[in-house]
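This report concerns only the one structure given below.
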Amino acid sequence: MLADLTLSQFALIAVAALCAQILGGMAGYGTGLLMPLVLVPMVGAPAVVPIISLSAIITNATRVVAFRQSLDVRKAAIVTVAALPFAALSAWGYTLLTGKGAAVLIGIMLIILVPARRYFEHLKLTLSERGLAISSVGYGLLMGGTSGSGVMLLSLLMAAGLAGPQVIATDAAVSFLLGFVKTGVFIGYGALDLKLMLISLLIGVMAT
């Protein structure tokens, strides 16, 4: 696969990763929504979510470090524990998709995620810690097998009372921890080989 990519394509991936992380550092999301637009034509839809899952470990680590003083450890732990088994289940389900199925899923999620977040913001929902845990189950199912689901996590965290840098830091911590779960599943089921890992590392390093 790497042999099929030209130098200009590698450069495009690197520049897109840099721009996506700049956006993500300010808004809390970006890489998962923007990178599929670049990656799908180059590596195919099935490889996109595994690539981004590994690169997200690196990119979210940088956000945690940058915003560490604003991290809400308790809420990060609540979301992570509740979402973890369902993220693993969803990631496993993604490995069963055909190329067309993966393309359809990624396309649908890119279309609906941002409007869905705006809709939930409009509702101005409030979540207790128990409500956050319950909602995190649905987030886990969404996060494990898709790209860009961080926009929904931002809405959950804001509904739970976080704001500004707190949201970005806590979102990054959750995504960082769950990224290991997703990546482990993808590696275990052969959806993330060495070639795809190298692309992930390129994205992660450029974003850093």
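All of these numbers come straight from a predicted model, not from anything done at the bench.
The structure places CZ of F180 at 4.5 Å from CD1 of I57, a figure rounded to the nearest 0.5 Å. One distance of note links CZ of R63 with OG1 of T170; it measures 13.0 Å at 0.5 Å rounding. Atom CG of L127 and atom CD1 of I78 lie 11.0 Å apart (nearest 0.5 Å). Rounding to the nearest 0.5 Å gives a distance of 5.5 Å between OG of S200 and CG of L192. A distance of 7.5 Å separates CG of L142 from OG of S90, quoted to the nearest 0.5 Å. Rounded to the nearest 0.5 Å, atoms CD1 (I58) and CG (L201) are 5.0 Å apart.
Closest of all the heavy-atom pairs between A191 and L196 is O-CD1, 3.5 Å. Heavy atoms only, all atoms of each residue included: Y94 and A45 are closest at OH-O, 2.9 Å. A pairwise comparison of heavy atoms in L178 and A83 identifies CD1-CB, 3.9 Å as the closest pair. Across V38 and P41, no two heavy atoms sit closer than the pair O-CD, 3.4 Å. Across every non-hydrogen atom of G204 and T59, the tightest pair is CA-CG2, 4.3 Å. Shown here for A173 and A76, the closest heavy-atom pair between the two residues is CB-CB, 4.3 Å.
Inter-residue side-chain proximity for V49 and K182 is flagged as met; some heavy-atom pair is nearer than 4.5 Å. Residues L97 and L105 have side chains in contact (heavy-atom distance under 4.5 Å, counting atoms from C-beta outward). You'll find the side chain of L153 stays beyond 4.5 Å of the side chain of M143, heavy atoms only. With contacts defined as side-chain heavy-atom distances shorter than 4.5 Å, the pair I52/P36 qualifies. Here the side chains of I106 and S147 are not in contact, with every heavy-atom distance at 4.5 Å or above. Contact of the S136 side chain with the F86 side chain is not registered, since no non-hydrogen atoms from C-beta on lie closer than 4.5 Å. Contact annotation: the side chain of M42 approaches that of L12 to within less than 4.5 Å [non-hydrogen atoms, C-beta and beyond]. V174 places a side-chain heavy atom less than 4.5 Å from the side chain of Y139.
There is no path of hydrophobic side-chain contacts, each under 4.5 Å, that joins V81 to L89. Note on V104 and L37: same hydrophobic cluster, where clusters join Ile, Leu, Val, Met, Phe, Trp and Tyr whose side-chain heavy atoms are under 4.5 Å apart, directly or indirectly. Both M152 and L177 are assigned to one and the same hydrophobic cluster, defined by single-linkage of ILVMFWY side chains at heavy-atom distances under 4.5 Å. A continuous path of hydrophobic side-chain contacts links L54 to F10 [ILVMFWY only; heavy atoms under 4.5 Å]. Each of L96 and I187 belongs to its own hydrophobic cluster when Ile, Leu, Val, Met, Phe, Trp and Tyr are linked at side-chain heavy-atom distances under 4.5 angstrom.
For the side chain to side chain contact (heavy atoms under 4.5 Å, CB included) criterion with F186, the lone passing option out of T95, I51, D193 is T95.
Identified under the salt bridge (charged side-chain N to carboxylate O under 4.0 Å, His left out) test for residues 89-113, with sequence neighbours left out: none.
Remark: side-chain polar atoms of N60 are paired, donor with acceptor, to backbone N or O of A56 under 3.5 angstrom. Using modelled atom types, one side-chain atom of T98 and one backbone atom of G101 make a donor-acceptor pair closer than 3.5 Å. Between the S53 side chain and the P50 main chain, a donor and an acceptor come within less than 3.5 Å of each other.
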Task: Verdict with supporting geometry, V79 and L156, side-chain contact (heavy atoms from CB on, under 4.5 Å) - done: CA-CA 9 Å; V79 176; L156 295 181; 6.0 Å; no
Task: Intermediate values then yes/no, side-chain contact (heavy atoms from CB on, under 4.5 Å), M35 and I13 - done: CA-CA 8 Å; M35 290 309 299; I13 291 173; 4.2 Å; yes
